Visitor: 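Here it is, the structure in full.
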Amino acid sequence: MADKSSSNSSLSEFLDWKLFRQYWYLVALSTLFAVSLAVVYLAVTKPIYEAQVRIVVQNLGLGLESSNLTKTYDKEFLATQSEVIRSPATLTRSLEELPEIADPAKPKSQSELVGAIAEALRVNPLAKTDIIKLTYQHSNPHQATARLESIIKCYQEHLRELEKSSSSRSVVLLEQRKSELEKDIAQLQQNLKLISTNTNSESSDVDTQSNSMMEVLTRRLIEIQSEIASYKVQLDLLQESRNSGRPQVHPSDSVVLKEVERNLNAGRTDLAEASQIYGPSHPQRLSIEERVRVLEYAHANEFVALQVKLQASLKRFEMEERSLRQLISDENIRLKTAHEIQGDEEQLQAKLTQVSELHASIAETLQSMKLANQSLANGDGSIVVSLLDEFVVPRESIWPKPVPIYVISIVMGFMAGVACLLCLAAYSQASSKSSIEHPTQTNESAHEELLEQIHALQREIQVMKNPSENSSHQKMYAGEGQG
């Protein structure tokens with residue numbers, strides 16, 4: 001309480017209420033000016049009207065899920081449908097159906113108009129329900145309602161077109177699958193007939209011969225693969241020897257190459273010893289160098305010949321390996337075909353039953369999809385959209401609101417006037433403080449003026465008491481003046 005009383009007293013001391021009564025017209029003028037600005041704003045600003053409607057969106061699964069019509073709340077489904085409503089495809093279709101009234105002085109492209117519609121449209125799924133609330137804002141109330149109605153209509157058409165296209169593709173795929181199953185059933189029935197005409201003795205003979213042949217082919221394939229691996233190792237050793245320049249261990253069929261390498265190494269050793277003993281032009285050294293060149297040439301020729309021989313052998317074995325693999329593959333296919341043809345009759349019968357059941361299920365699904373297509377052609381759909389509210393043209397604008405704007409303008413104008421008065425009070429208080437800070441100068445000037453007035457009164461009194469002396473003084477002053 002003490003703080004409140006002190007603050008009120010300080011405010012009353014700071015704000016001179018006489019000054020407020022004297023300059024009250026400032027508050028009135030600022031308030032009037034603020035109200036005038038509000039009037040101008042209301043006159044210039046276009047009113048914004050908001051049309052709103054609520055719709056129920058349910059995924060009932062027409063045709064395929066007609067027996068389960070009770071659906072639970074699906075947050076992802078409603079979020080997806082909300083984005084479909086706000087999608088450019090839906091809004092572009094709505095813009096084509098109901099063109100937007102644009103300013104001729106400022107033409108806009110179709111993408112700009114679609115963006116403006118998307119900005120003015122609000123789509124909000126209500127929590128834990130199948131309800132979506134749509135609002136659209138426009139300066140024309142009739143245009144806002146018509147636009148909202150057009151968007152919902154185009155959204156329903158877009159859903160029907162999507163369902164028609166997907167349903168048509170599903171029918172085509174189901175028909176293809178049905179025809180494939182029919183072919184499988186015919187093939188299985190043919191295999192059953194073949195089994196009934198064949199004997200068990202022939203099948204056992206065929207199995208024995210096929211098994212023995214497969215053993216021979218497999219054994220030969222393993223031998224060839226080992227030979228191929230050996231030749232590849234030999235070629236790698238030759239290549240390494242050629243790259244490094246050092247002799248390597250070679251196979252047994254390269255006796256000549258081994259002999260040449262032995263002589264070449266001996267010649268290189270003799271050349272190294274001769275280089276230390278004889279000069280570059282010594283006949284002994286020249287003969288050794290010539291012998292080394294001849295041996296290197298012979299070594300290169302033998303190396304190339306051996307490499308060509310190994311590559312030819314490797315190529316021959318690789319061709320034989322491919323032939324054996326092809327024979328083994330053909331034999332496997334033949335055995336598989338023979339086993340399929342000569343398989344167990346009960347197993348084929350069970351498979352035939354399974355395929356027949358799948359064919360019946362596909363046929364039932366196909367019939368259901370055709371019924372769904374017929375329902376879509378009649379205007380129904382798996383996604384049901386229904387209105388909860390009627391389309392009502394808004395009568396009152398959501399902005400600007402005259403009453404709040406006037407109230408705010410009056411409050412702001414009054415506060416601006418009070419601020420001006422506070423500034424005047426602060427200025428007067430500052431001037432009074434400056435006068436209090438310099439009191440001696442003011443008192444001295446007043447004292448001097450008072451003394452001057454006293455001296456002037458004394459002179460007048462003396463003149464009134466001695467008029468003769470005053471006249472002689474005047475004559476003397478006049479003679480002095482003439483002199």
Side-chain angles (χ1 to χ4, degrees), residues 203-342:
S203 62
S204 61
D205 294 339
V206 170
D207 290 340
T208 305
Q209 294 176 1
S210 299
N211 292 331
S212 61
M213 184 178 295
M214 287 294 294
E215 290 178 358
V216 173
L217 293 176
T218 304
R219 190 181 304 111
R220 180 57 183 165
L221 179 62
I222 293 172
E223 294 175 356
I224 290 176
Q225 287 177 347
S226 62
E227 291 291 336
I228 290 174
S230 176
Y231 278 112
K232 286 183 178 179
V233 171
Q234 293 176 20
L235 285 172
D236 292 338
L237 290 174
L238 284 177
Q239 189 65 29
E240 185 179 356
S241 175
R242 185 175 184 179
N243 294 334
S244 62
R246 298 192 300 271
Q248 302 286 340
V249 178
H250 298 294
S252 60
D253 58 351
S254 60
V255 179
V256 178
L257 183 60
K258 286 184 178 180
E259 184 66 25
V260 171
E261 282 185 354
R262 188 180 301 109
N263 295 330
L264 179 59
N265 292 331
R268 287 175 178 174
T269 304
D270 295 339
L271 180 61
E273 294 176 355
S275 299
Q276 295 178 357
I277 299 172
Y278 304 109
S281 61
H282 195 275
Q284 186 69 23
R285 181 175 176 177
L286 293 175
S287 63
I288 295 173
E289 289 179 352
E290 182 64 26
R291 182 163 59 89
V292 168
R293 282 195 295 270
V294 171
L295 289 173
E296 288 178 347
Y297 180 76
H299 179 269
N301 290 335
E302 287 296 328
F303 185 88
V304 172
L306 180 60
Q307 188 175 15
V308 170
K309 182 180 177 182
L310 291 175
Q311 289 178 350
S313 300
L314 178 62
K315 186 176 181 180
R316 186 179 68 257
F317 279 113
E318 287 178 347
M319 292 177 63
E320 188 175 356
E321 181 191 14
R322 286 194 294 270
S323 300
L324 285 174
R325 288 184 181 276
Q326 185 64 35
L327 288 174
I328 292 173
S329 177
D330 294 341
E331 187 65 19
N332 285 329
I333 293 173
R334 191 180 70 81
L335 287 174
K336 184 178 180 181
T337 305
H339 287 147
E340 287 180 356
I341 294 175
Q342 300 172 1

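None of the values given here were measured: they were computed from a predicted structure. In this chain, residues are counted from 1 in sequence order.
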Visitor: Show your working on side-chain contact (heavy atoms from CB on, under 4.5 Å) between E273 and T269 and close with a plain yes or no.
Guide: CA-CA 6 Å; E273 294 176 355; T269 304; 4.1 Å; yes

Visitor: How long is the span from the CG atom in L327 to the CD atom in E320, to the nearest 0.5 Å?
Guide: 10.0 Å

Visitor: I need the minimum non-hydrogen distance between H282 and Q284, along with the two atoms involved.
Guide: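 Heavy atoms only, the tightest pair is ND1-N, 3.1 Å.
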
Visitor: Pick out which of Q225, E227, R219 makes a side-chain contact (heavy atoms from CB on, under 4.5 Å) with E223.
Guide: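 So the option named by the test is R219.
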
Visitor: Has the side chain of S329 got a donor or acceptor atom that lies under 3.5 Å from a matching backbone atom of R325?
Guide: no

Visitor: Out of curiosity, S275 OG to E289 CD, how far, rounded to the nearest 0.5 Å?
Guide: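 S275 OG to E289 CD: 6.5 Å, rounded to 0.5 Å.
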
Visitor: Determine the minimum heavy-atom distance between I224 and F317, stating which atoms define it.
Guide: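 Of all heavy-atom pairs spanning I224 and F317, the closest is CG2-O, 3.4 Å.
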
Visitor: One thing to verify: whether K315 and E318 come together as a salt bridge, which I'm taking to mean a side-chain N less than 4.0 angstrom from a carboxylate O.
Guide: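 Answer for the salt bridge query: no.
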
Visitor: Give, for atom CD1 of I328 and atom CD1 of I333, the distance between the pair rounded to the nearest 0.5 Å.
Guide: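 That separation rounds to 12.5 Å.
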
